[in-house]
Amino acid sequence: MPFMEFVNFYLMPGIVLGSIYALGAVGITLVFGILRFAHLAHGDLATLGAFAALGVVTIFGVSPWVALPVAMIFCAFMAIGIDKVFYDYLSERPKIIVVMSSLGIALMLRALVQVIWGVDTETYTRGIVRPENYWGIRIRDREIYTIIAMFAIVGVLWVFLQKTKWGKAMRAMSDNPDLALLSGVDNRKVTMLTWAIVGILCAASGFFLGINTELKPLMGWTMLLPMFAATILGGVGRVEGAVVGGLIVGIVEETSVLLIPGEYKAAMAFAILLLILLVRPTGLLKGKVL
Amino acid sequence: MELIGLLNYAVFMAIFIGIYSLLALGLNIQWGFSGLFNAGIAGFFAVGAYSSAIVTAPESSVHLGGFQMPVVVGWIAAMIAAGLIAWPIGKVCLRFRSDYLAIATIGVAEIIRLIVKSEGWLTGGARGINKVPRPFGDLSYLYSQLAYLALVIAIVFAVYWAIERQISAPWGRMMRGIRDNEDAATAMGKDIKARRLEAFIFGAAIMGLGGALFAHFNRSITPEAIDPMIATFLIWIMLILGGSGNNRGALLGVAVVWIIWSASEFLTDQLPTEYAIQAKYMRVFVIGLLLQLVLRFRPEGILPEPQGVSSRTETKTFQKQESAAK
């Protein structure tokens with residue numbers, strides 16, 4: 001197979017898909033690292049974000065790119081609200097109870113999307129977009145924007161976590177919650193901030209999946225497994241690890257069709273998950289093991 | 001005539017409650033007694049249903065079959081197959097906190113759904129496996145239903161008895177010990193990984209048996225019958241509402257939730273068709289909400305886990321110490 005064909009039909013789609021997974025995985029890794037539980041409603045929160053953007057597009061007739069920030073803010077408040085109404089009361093109980101609660105939230109969010117928008121497949125814009133040709137690499141504009149946006153969002157988050165007071169507080173909570181509390185870090189504010197960031201990241205991943213493919217009520221749920229595989233592959237609690245993990249999972253999924261039947265593309269994430277848990281549970285970049 | 005119809009419906013409901021009871025009892029072994037989070041119940045259910053169907057169904061041009069073994073062999077095959085699927089997953093994931101098991105079991109259920117849909121030679125693809133033999137299937141409709149109900153009840157009681165026996169044995173006490181205080185159990189030299197693996201496989205096998213009973217009752221099994229999320233979630237809410245760690249609670253929860261679930265379907269069917277889709281998903285929303293309410297206001301369920309007098313005081317002081325330590 002010619003090299004360019006491999007790049008155009010397998011590698012580039014893999015990087016685009018991987019960027020979408022990376023956005024979700026960064027959010028999962030924050031919840032996993034700071035709040036210390038597996039947030040199973042993550043995918044369905046992404047679905048809600050994608051459909052919220054669709055709602056803005058259909059009501060105001062604006063471009064989807066204008067709708068994205070609105071959806072991000074909406075999802076940030078949704079995430080904070082879900083935490084306040086449902087997860088907060090369970091904080092004294094074993095963490096696994098919160099995991100169970102988040103499974104219920106996943107179901108509720110999806111049901112909400114299905115009640116409001118129905119079960120049909122939707123798109124942001126109609127018509128077929130032809131890929132442009134850049135020195136032999138065929139790529140659509142929206143795919144370029146997806147990759148750029150992923151690196152931009154994660155870059156901003158990275159600087160925030162490294163340089164600002166609140167970012168440092170979040171990392172302190174992630175490294176050693178008892179020590180962070182003793183040092184005067186406000187647990188409640190950090191939790192709220194984490195959820196806001198998670199909501200923004202969820203909306204972004206859902207939106208970019210929606211703009212590159214289509215919007216379906218199950219879109220987020222099917223992303224959940226690859227996103228978790230990416231998180232654990234990169235190392236729980238490691239933002240840069242989640243990006244690396246997301247890209248690897250995306251590329252492996254897209255290139256796997258060269259070797260196995262296309263139906264089993266979705267099984268690759270599961271294979272990666274089991275493999276990494278078996279050989280190196282801390283992930284590539286030495287994350288936590290809960 | 002009306003009375004016969006009502007009786008038929010009641011028997012039909014009772015059989016379903018029996019099948020779900022097996023799933024809830026299986027989950028109770030995993031979650032209630034051992035603290036293992038299985039979010040892929042539908043997967044083990046499907047493996048059981050398909051295994052038993054393949055082993056017992058007559059030959060067909062579309063899927064693997066033609067073994068025509070007795071139904072009992074099919075049930076045993078269902079339990080073995082579900083246990084075999086559980087083994088590697090448990091082996092990899094039980095070393096970690098249950099969060100990892102939750103993710104992995106979601107994955108298993110998805111993979112099993114993919115296999116069922118795409119491997120037509122094995123499972124008949126979208127058409128599924130038909131002509132699955134049904135015990136007492138030759139009798140007239142009502143008698144056949146009643147006979148099957150009796151069979152289901154007998155199996156549920158057998159499983160219930162087996163679990164109760166196992167749980168009141170030293171094994172059960174050890175499992176609860178591991179669940180409540182892993183460090184202490186390790187310090188006493190218990191092999192936590194191996195014990196958890198046993199509980200996980202035991203529970204999965206019973207879920208497989210539940211799947212087999214479902215396939216034989218319907219005389220067929222198709223991919224539509226295994227909606228991973230709804231099926232899994234219903235079992236969870238049944239167990240949590242009824243009382244995890246209490247087998248009678250699990251059975252009660254199954255009956256309560258299944259009656260609410262069916263009654264709400266009956267109500268939404270009365271609505272005009274333009275609201276049909278909305279109403280269908282509102283039911284799902286309400287079930288999700290019900291879980292949140294139970295977790296918040298009555299986490300121990302309707303029938304809490306029974307505790308001996310001496311052990312209760314011990315647990316209380318232990319909990320006090322633990323919260324003080326926090």
Side-chain angles (χ1 to χ4, degrees), chain A residues 32 36-40 85-87 89-90 92-116 118-119 178 217-218 221-222 224-229 231-232 236 261-267 269-271 273-275 277-278 281 289-290, chain B residues 31 35-37 39 88-89 91-93 95-104 106-115 117-119 179-180 228-230 232-234 236-237 240 244 275 277-297 299 323 326:
Chain A
F32 227 150
R36 290 190 154 63
F37 73 95
H39 187 222
L40 300 182
V85 178
F86 297 111
Y87 301 154
Y89 295 98
L90 305 172
E92 292 298 310
R93 313 254 312 275
K95 284 290 175 213
I96 196 72
I97 303 291
V98 192
V99 179
M100 187 189 300
S101 171
S102 76
L103 186 67
I105 297 289
L107 204 70
M108 288 162 73
L109 287 175
R110 192 194 311 165
L112 206 61
V113 168
Q114 284 162 328
V115 167
I116 300 174
V119 289
D178 295 334
L218 276 171
W221 177 252
T222 47
L224 191 68
L225 195 58
M227 291 190 304
F228 265 104
T231 306
I232 293 167
V236 169
E263 297 96 305
Y264 291 112
K265 205 158 84 171
F270 183 66
L273 178 75
L274 283 195
L275 191 69
L277 283 179
L278 200 60
V289 179
L290 292 185
Chain B
W31 170 253
L36 308 175
F37 196 113
I89 306 303
K91 199 81 184 148
V92 176
C93 298
R95 290 178 292 156
F96 311 107
R97 229 177 68 178
S98 230
D99 301 48
Y100 291 89
L101 186 67
I103 302 156
I106 288 176
V108 171
E110 286 292 313
I111 307 287
I112 289 169
R113 202 172 55 90
L114 279 181
I115 292 174
K117 273 192 170 167
S118 38
E119 299 299 322
R179 177 194 67 189
D180 292 337
M229 192 68 174
I230 308 289
T232 298
F233 200 78
L234 272 178
W236 267 104
I237 179 77
I240 302 294
S244 56
Y275 299 117
I277 291 177
Q278 267 92 339
K280 184 179 163 201
Y281 293 109
M282 274 317 288
R283 286 169 68 210
V284 179
F285 184 86
V286 169
I287 280 287
L289 192 63
L290 183 62
L291 178 78
Q292 310 298 341
L293 295 176
V294 174
L295 282 181
R296 176 150 174 216
F297 295 108
S323 56
K326 269 181 189 163

Would you mind checking which part of A/Leu90 comes under 4.5 Å of any heavy atom in chain B, side chain (CB onward), backbone (N, CA, C, O), both or neither?
side chain
For A/Tyr264 and B/Ile115, what are the C-alpha separation, side-chain angles and deciding distance, and is it a side chain to side chain contact (heavy atoms under 4.5 Å, CB included)?
CA-CA 8 Å; A/Tyr264 291 112; B/Ile115 292 174; 3.8 Å; yes
Between B/Arg97 and A/Arg36, what is the shortest heavy-atom contact and its length?
NH2-O, 2.9 Å
Do the non-hydrogen side-chain atoms of A/Val99 and B/Phe37 ever get within less than 4.5 Å of each other?
yes
Are B/Ile89 and A/Leu274 close enough that some pair of their side-chain heavy atoms sits under 4.5 Å apart?
yes
Does A/Val119 reach the side chain of B/Tyr281, with side-chain heavy atoms less than 4.5 Å apart?
yes
Please classify the contact of A/Ile232 with chain B as side chain, backbone, both or neither, using a heavy-atom distance under 4.5 Å.
side chain
Taking B/Cys93, B/Pro299, B/Ala102 one by one, which has the highest count of heavy-atom pairs under 4.5 Å against chain A?
B/Pro299
Does any backbone or side-chain atom of B/Val108 lie under 4.5 Å from a heavy atom of chain A? Answer side chain, backbone, both or neither.
both
Sequence neighbours left out, what passes ring-ring contact (aromatic ring centres under 6.0 Å, His included) with B/Phe96? Give chain and number order.
B/Tyr100
Close side-chain approach of A/Met100 and B/Leu291, heavy atoms under 4.5 Å:
yes
Contacting moiety of A/Leu273, where chain B heavy atoms sit under 4.5 Å
side chain
Is any side-chain heavy atom of A/Leu278 closer than 4.5 Å to a side-chain heavy atom of B/Lys91?
no
Side chain, backbone, both or neither: which part of A/Ile116 has an atom under 4.5 Å from a heavy atom of chain B?
neither
Is there a donor-acceptor pair under 3.5 Å between the side chain of B/Arg95 and the backbone N or O of A/Leu277?
yes
Residues at least two apart in sequence or cross-chain that pass side chain to side chain contact (heavy atoms under 4.5 Å, CB included) with B/Glu110, listed by chain then number, are A/Trp221, B/Arg113, B/Pro228
Please look at A/Ile96 and chain B and tell me whether the side chain, the backbone, both or neither of the residue comes under 4.5 angstrom of a heavy atom of that chain.
both
Give me the atom names and distance for the closest heavy-atom approach of B/Ile103 to A/Phe228.
CD1-CD2, 3.3 Å
Which value, rounded to the nearest 0.5 Å, describes the distance between B/Thr232 atom OG1 and A/Leu107 atom CG?
10.0 Å
Does any part of the side chain of A/Phe86, heavy atoms only, come nearer than 4.5 Å to the side chain of B/Leu289, both counted from C-beta?
yes
Name the option with the most non-hydrogen atom pairs under 4.5 Å to chain B; the candidates are A/Ala267, A/Pro281, A/Ser101.
A/Ser101
Main-chain N/O of B/Leu295 paired to A/Arg93 side chain as donor or acceptor, under 3.5 Å
yes
Under 4.5 Å from any heavy atom of chain B - which part of A/Val98
neither
For a quick test of reading the model, state the closest non-hydrogen atom pair linking B/Asp99 to A/Phe37 and the distance between them.
OD2-CA, 3.5 Å
